[in-house]
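These notes are about the structure you will find just below.
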Protein chains: 4
Amino acid sequence: MADTSRRRRANGEASRAKILDAATEIASERGYEGTSINLVSKRCGLPASSIYWHFADKDDLIAAVIERSFGRWLSAWSVPDDGTPRDRVAEMTMQVAKALLESPDFLRLGLMLALERRPVEPRAREMYLQVRAQAQIQLREAAMDMSPDLDAAALDQLATYAMAGADGLFIAKEIGGDSVDLPALFDLHGRMVIDAALRLAESTRDEDS
Amino acid sequence: MADTSRRRRANGEASRAKILDAATEIASERGYEGTSINLVSKRCGLPASSIYWHFADKDDLIAAVIERSFGRWLSAWSVPDDGTPRDRVAEMTMQVAKALLESPDFLRLGLMLALERRPVEPRAREMYLQVRAQAQIQLREAAMDMSPDLDAAALDQLATYAMAGADGLFIAKEIGGDSVDLPALFDLHGRMVIDAALRLAESTRDEDS
Amino acid sequence: MADTSRRRRANGEASRAKILDAATEIASERGYEGTSINLVSKRCGLPASSIYWHFADKDDLIAAVIERSFGRWLSAWSVPDDGTPRDRVAEMTMQVAKALLESPDFLRLGLMLALERRPVEPRAREMYLQVRAQAQIQLREAAMDMSPDLDAAALDQLATYAMAGADGLFIAKEIGGDSVDLPALFDLHGRMVIDAALRLAESTRDEDS
Amino acid sequence: MADTSRRRRANGEASRAKILDAATEIASERGYEGTSINLVSKRCGLPASSIYWHFADKDDLIAAVIERSFGRWLSAWSVPDDGTPRDRVAEMTMQVAKALLESPDFLRLGLMLALERRPVEPRAREMYLQVRAQAQIQLREAAMDMSPDLDAAALDQLATYAMAGADGLFIAKEIGGDSVDLPALFDLHGRMVIDAALRLAESTRDEDS
DNA sequence: TATGAATGAGACTTCATTCAT
DNA sequence: AATGAATGAAGTCTCATTCAT
């Protein structure tokens with residue numbers, strides 16, 4: 001009972017976290033519309049009105065979900081800075097594969113948000129797209145590292161292709177389940193991207209000469 | 001009287017079509033949960049109760065949307081049966097790129113359905129996954145055509161990789177808009193897949209010897 | 001029981017009227033904000049969602065209340081067209097007094113709406129102000145009838161003063177209850193307005209000479 | 001330490017004032033129901049719970065608004081005690097006109113409260129009605145001053161009529177805005193009331209003889 | 001073949017208020 | 001003297017669906 005009264009005591013951070021945990025779970029299963037405040041309230045144990053103490057509205061809540069989840073995800077990243085470019089790409093590829101396997105839930109949410117087109121854009125979608133854009137920039141830099149001769153368009157193409165492969169393989173895993181060997185496919189994808197880089201570099205050189 | 005009943009039946013078809021048109025638009029913008037019967041009713045001009053005359057429930061309506069859309073999409077397909085395997089793959093790749101560009105709406109819907117995980121799976125999702133599985137089979141056959149030596153696992157991997165690329169590039173186009181040159185990326189992807197086929201064939205042969 | 005099923009039958013006009021009746025009662029007691037859809041629902045026996053079949057939203061409902069009530073009120077009016085101007089004014093004055101006594105409820109609502117100033121103006125307020133403006137025009141015409149020499153400004157002043165008296169006496173009756181003899185006060189007011197007309201006519205003539 | 005407690009008490013007063021300022025603004029715009037504690041909290045910058053430290057509940061807050069506002073309003077009043085009765089009435093009339101122009105906000109609130117009829121009467125309404133009753137008594141005394149022969153009923157009528165005119169003209173100004181020349185109308189009203197006094201005195205004398 | 005009307009459940013959100021600190 | 005956090009009730013409105021005609 002003393003416990004109860006203590007739990008009832010103001011502990012904002014903990015409550016906020018509980019709400020975010022519940023919302024993350026639900027949103028990554030059912031998407032934006034499927035995430036009802038009532039459901040979140042039931043899952044986290046706090047009344048619906050308490051959710052509105054911590055978040056302005058549903059949109060704000062789901063944006064916070066994206067923000068926190070990607071923050072954590074990105075902080076678990078380590079950019080390799082030694083070895084041949086080939087090795088470094090291989091290392092990054094493996095990291096991505098591992099990350100996709102480990103936390104698929106909010107990635108699913110991100111993709112769902114990205115695919116939706118509604119009259120009033122949710123802030124959450126904007127937030128996801130920003131994180132994505134940052135990742136794209138890093139990919140581009142890695143590509144430039146590997147093939148310094150490439151022009152801007154080719155670098156963009158390469159980065160886009162690399163990310164598209166990651167997205168597509170993630171979806172394949174989501175749909176195919178255990179029948180999909182994600183590490184093997186990512187290994188393949190990594191090598192493909194390196195080949196593409198070389199191929200694009202060649203054609204660039206040809207055009208120049 | 002026969003005339004009347006025929007006109008009525010004709011109107012019935014027309015109404016059904018109007019409803020499906022509206023539902024397709026909305027569902028491909030907002031996904032399953034975001035598609036409300038009221039919204040469809042407003043968009044197509046018919047009262048909500050009329051929608052229930054044509055469709056058993058919301059799930060049935062969206063399944064019908066998927067069904068009709070994929071029917072149309074697949075009928076626009078022509079499988080090339082002459083030329084070198086390389087040419088045939090190139091031809092198919094271009095067809096896919098064109099198809100993605102021309103009817104992105106229900107593909108978006110399909111992906112959204114595929115990504116969701118809800119307690120009661122909608123029939124619409126099942127329907128999309130079936131069509132997708134068929135496409136996968138065709139891809140596998142094309143791969144076998146091109147590299148007859150490949151074993152089952154390699155063929156699956158190849159087909160999965162090919163489709164993943166298509167999904168990923170579609171998403172890239174959806175997000176990136178005009179800044180994404182889809183045909184060029186699909187051209188790159190086609191060549192990558194052929195390379196992958198060769199590479200996998202080699203490693204298969206190596207393992208055998 | 002047959003009765004119940006028959007009552008459940010579609011009868012839109014009757015339901016609409018029941019809703020409006022309930023809303024009129026409540027709104028004229030408690031004003032715009034005090035009129036909750038739930039309360040209206042309970043008072044009229046229909047579920048809240050049925051109210052939204054007949055009216056777009058709360059604003060629309062209360063605007064309809066004003067519209068219907070003032071429509072009825074104005075249609076009960078008869079403009080006298082014989083006798084001396086003095087007699088005609090006296091007749092009109094008595095009519096107004098009677099009308100205020102008989103249907104004070106929605107007049108109270110109108111005044112409450114008129115006094116409010118909120119960021120987003122309710123349509124209901126606009127509607128009330130329009131009816132009021134029409135009444136003001138009629139008063140002005142009556143004044144012109146009685147004192148044709150008066151200039152525009154004087155006519156406006158007279159009409160405004162006449163209406164202000166009516167408003168003020170209505171409020172006095174609302175607050176004072178039985179201790180306020182409304183007919184006597186309106187009789188006084190009518191004579192005052194006629195005096196004012198003469199007085200203004202005089203001063204107009206003085207200025208001219 | 002004494003310093004601290006004194007500063008705290010001073011801050012207490014300041015906070016109370018800030019809350020009252022915000023509440024006055026909002027309540028005079030939106031009435032009793034439209035004034036939410038949350039809104040007041042946002043407008044004054046203090047948390048909602050602080051409002052409950054200074055005021056028992058919402059009713060208490062709005063009653064305090066009325067109390068403070070009327071206190072200020074009345075203290076700006078000076079009762080003229082020289083000149084002819086006619087001059088004194090003219091002077092008072094002008095004072096009222098000026099007061100209505102200068103602080104319309106809480107008068108609007110008062111009228112809104114006076115017009116509402118709710119199951120549980122707010123204290124705020126009672127408070128407004130009391131102040132109003134006092135004003136009515138003063139008006140009656142002024143009338144008696146001017147026409148000492150009048151009987152009780154006539155005096156009441158006169159005071160009621162005078163106040164009704166003020167209320168009505170205030171409303172006219174609120175609705176009509178700049179197109180309403182309040183001082184001119186009050187001047188007219190003042191003269192009308194004097195005439196009424198004389199007229200009533202005459203008829204009283206007639207009845208007596 | 002179609003539809004006007006109804007309906008209970010549940011959506012998001014705000015309300016006035018309380019309480020421990 | 002003040003406040004961060006919580007809370008149940010109630011607010012407006014939309015949902016999918018049904019039913020009599």
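Each chain gets a letter, A, B and so on, in the order its sequence line appears, and its residues count up from 1. In what follows, every heavy atom counts, from backbone to side chain, and hydrogens, waters and symmetry copies are set aside. Note that the structure is a prediction, hence the values are computed from the model and not measured.
Atom CZ in C:F55 sits roughly 15 Å away from atom C1' in E:dA6 (whole-Å rounding). C:I37 has its CD1 atom 20 Å from the P atom of E:dC12, to the nearest Å. For the pair C:K58 NZ and F:dA10 C1', the computed distance is 12 Å after rounding to whole Å. Per the geometry, CG belonging to C:L39 stands 18 Å off P belonging to E:dC15, to the nearest Å. The CG-C1' distance, from A:D60 to E:dT13, rounds to 14 Å in whole Å. Taking atom OH of residue A:Y52 and atom P of nucleotide E:dA16, one finds them 17 Å apart after rounding to whole Å. Look at CD on B:E13: it is 15 Å from C1' on E:dA2, rounded to the nearest Å. The separation between B:L46 atom CG and E:dT3 atom P is 6 Å, rounded to whole Å.
Contact between the side-chain N/O atoms of A:N38 and the OP1/OP2 oxygens of E:dA11 is found at a separation under 4.0 Å. Look at A:W53 and you'll find a side-chain N or O under 4.0 angstrom from OP1 or OP2 of F:dA5. Within the structure, every side-chain polar atom (N or O) of C:H54 is placed at least 4.0 Å from both OP1 and OP2 of E:dG4. Between A:S49 and F:dA9 there is no side-chain N or O to OP1 or OP2 distance below 4.0 Å. Using a 4.0 Å cut-off, no side-chain N or O of A:S15 falls inside it from OP1 or OP2 of F:dA5.
A salt bridge does not link A:E13 with A:K18: every distance from a Lys NZ or Arg NE/NH1/NH2 to an Asp or Glu carboxylate oxygen is 4.0 Å or more. Note on B:R117 versus A:E174: salt bridge recorded, some NZ/NE/NH1/NH2 to OD/OE distance being below 4.0 Å.
The residue among D:A56 and D:G34 whose nearest nucleotide of DNA chain E lies closer to the 5′ end is D:G34. Nearest-nucleotide positions on DNA chain F place D:R16 closer to the 5' end than the other of B:Y32 and D:R16. Judged by closest nucleotide on DNA chain F, C:E33 is the one of B:K42 and C:E33 placed further toward the 5' end.
Under the 3.5 Å distance criterion, the side-chain polar atoms of B:R43 are left unmatched by any main-chain donor or acceptor of B:A22. The backbone N or O of D:E25 sits less than 3.5 Å from a side-chain atom of D:S28, completing a donor-acceptor pair.
No engagement by B:S41 is indicated, since no non-hydrogen atom pair under 4.0 Å with the nucleic acid exists.
With contacts defined as side-chain heavy-atom distances shorter than 4.5 Å, the pair B:E33/B:R118 qualifies.
Taking the ring centroids of D:Y128 and D:F106, they lie at or beyond the 6.0 Å cut-off.
Stretches of at least 3 consecutive Watson-Crick or G-U wobble pairs, with each checked distance under 3.5 Å, appear in DNA chain F as E:2-21 with F:2-21.
A cation-pi arrangement, defined by a distance under 6.0 Å to the six-membered ring centre and an angle within 45 degrees of its axis, is present between D:K58 and D:Y32.
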Working for side chain to side chain contact (heavy atoms under 4.5 Å, CB included), residues C:T24 and C:S69: CA-CA 8 Å; C:T24 304; C:S69 298; 3.9 Å; yes
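Picking from F:dC13, F:dG8, F:dG4 the nucleotide with the shortest atom distance to the side chain of D:P47 gives F:dG4. Proximity note for D:S50 (side chain, C-beta onward) versus E:dA16, F:dT3, E:dT7: the nearest is F:dT3.
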